[in-house]
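This report concerns only the one structure given below.
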Amino acid sequence: MLISAIQKTTLLDYPWKVATIIFTTWCNLRCSYCHNSEFVLPEEIKLIKDFIPEKVFFNFLKTRVWILDWVVICWWEPTINKDLYDFCKNIKDLGFLVKIDTNWQNPEVLERLINDWLVDYLAMDVKNSFSKYALTTQVEEDIEKYKKSIELIKKSWIDYEFRTTLVNPLHTFEDIIEIAKALSWAKKYYLQNYKWGNTLVKDFNWKSFSKSKLKEFKKLSKDYIENVYVREYDE
Ligand code: SF4
């Protein structure tokens, strides 16, 4: 597993629980508003000199057995790492819970992890309505893979959340209604506002939404999904 960074302790990722977050590298998507080109684009990844060796990470974990509850494996896309299964197994063997942040493009990988109880929570990024997925991720993908992941989560025991980063003007009310309809059975749906940053595609002028627009997105989603939250300033 290529570990680019570790946030040793956070209480923010999982309420009331102490977590450590590890950041992987590589991503199969190219979202134009992505802030993380240095961990996504192969030509930039090559420039990284200091990956954190797994051994160092596991030695750190062993010193935190009584303090940490969760290990969060996140961006850029953990499921494309071939050794994710063994990596999760090693974490579970130490007694930690595992959360994975994913763009849910690899249903087979997720299924194996779920079936073997190697993941306890999935945070699934929904990039946009299906009709605008390729436009948003800049990759022509097989939408059936996403549908397969949705079915997998729907049928499984696992705890999860779906979430969408709202980018102005990439996301419209119609898009969010389409997503909310498709996920009407979901337990939790989070809406996150885009924050300006050093984006993958430089010549777009993406913006965040106003608070009133975010409220409107939430209201529209709640017509279909019971628990909808806005991250940043939930009311
Ligand atoms: S924002 Fe898109 S391109 Fe960037 S890490 Fe996430 S899924 Fe990959």
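As a basis for the values below, the full set of heavy atoms in this structure was taken, side chains included, without hydrogen atoms, waters or symmetry mates. Predicted, not measured: the structure shown is a model, and the values here were computed from it. Every number for a ligand or one of its atoms is a count from 1 in the order of the listing. By convention here, the first residue in the shown sequence is residue 1.
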- For atom NZ of K222, decide whether the heavy atoms of other residues, nucleotides or ligands shown that lie under 6.0 angstrom number more than 12. yes

- What part of C31 sits under 4.0 Å from ligand 1 if we count only heavy atoms: the side chain, the backbone, both or neither? both

- Message: Can you see whether S32 engages Q138 through a side-chain donor-acceptor pair at a distance of less than 3.5 angstrom?
- Response: no

- Query: Tell me: protein heavy atom nearest atom 8 (Fe) of ligand 1, and distance?
  - Reply: C27 SG, 2.3 Å

- Message: So for K127, does at least one of its heavy atoms come nearer than 4.0 angstrom to any atom of ligand 1?
- Response: yes

- Note on the structure: Taking only non-hydrogen atoms of C34 and a 4.0 Å limit, the atoms of ligand 1 in range are 1 (S), 3 (S), 4 (Fe), 5 (S)

- Task: Have a look at N103 and tell me which of N28, D125, T79 forms a side-chain hydrogen bond (donor to acceptor under 3.5 Å, both in side chains) with it.
- Result: N28

- Query: Under 6.0 Å from the NZ atom of K8, do we count more than 12 heavy atoms belonging to anything else shown?
  - Reply: no

